[in-house]
J.: 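Just passing along the structure, written as structure tokens.
Keep in mind that what you see is a predicted model, and the values were worked out from it rather than measured. Computed from heavy atoms alone, side chains included, the values below leave out hydrogens, waters and symmetry copies.
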Amino acid sequence: MKGLLLNALLGVGLGRFGSVWGLPVFLPVVAAELAYGFHVHHLGVGGGLRRGVALLVCGQLGFLLGALLRPLPGER
């Protein structure tokens, strides 16, 4: 659950203030969350794949939301 929140916040921040080139930031967060799930919760391969995809989709949706929050070029 913390990984979803972290990915969503990273996505909104990158979408609002960054660019699409910052998206590989999500990969270490997803890898750490999957390693934690395998070690602590003893997830199988199917559960790990579902969790990893959910984390990546959450980060991407956060990025899109952040991109929508950008001011228009003529605004300010």
J.: If you group Ile, Leu, Val, Met, Phe, Trp and Tyr by side-chain heavy-atom gaps below 4.5 Å, do L23 and V12 land in one group?
T.: no
J.: Can you list the steps and then say if L4 with L55 is a side chain to side chain contact (heavy atoms under 4.5 Å, CB included)?
T.: CA-CA 6 Å; L4 287 174; L55 287 166; 3.7 Å; yes
J.: Looking at C58, is its backbone amide N or carbonyl O close enough to the side chain of N7 to form a donor-acceptor pair, meaning the two atoms are under 3.5 Å apart?
T.: no
J.: Is there a chain of hydrophobic side chains (I, L, V, M, F, W, Y, each step under 4.5 Å between heavy atoms) that links L27 to F63?
T.: yes
J.: Counting only heavy atoms not in R70, do more than 12 sit closer than 6.0 Å to its CZ atom?
T.: yes
J.: Can you tell me if H41 has over 12 outside heavy atoms packed within less than 6.0 Å of its NE2?
T.: yes
J.: Transitively linked via ILVMFWY side-chain contacts under 4.5 Å: V30 with L43?
T.: yes
J.: For the hydrophobic clusters of this structure (ILVMFWY residues joined by side-chain heavy atoms under 4.5 Å, transitively), does one cluster hold both F17 and V20?
T.: no
J.: Considering only heavy atoms from C-beta outward, does the side chain of R16 approach that of P71 to under 4.5 Å?
T.: yes
J.: State plainly whether one hydrophobic cluster holds both L61 and V53, where clusters connect Ile, Leu, Val, Met, Phe, Trp and Tyr through side-chain heavy atoms under 4.5 angstrom apart.
T.: yes
J.: Rounded to the nearest 0.5 Å, what separates atom CD in E33 from atom CZ in F26?
T.: 14.0 Å
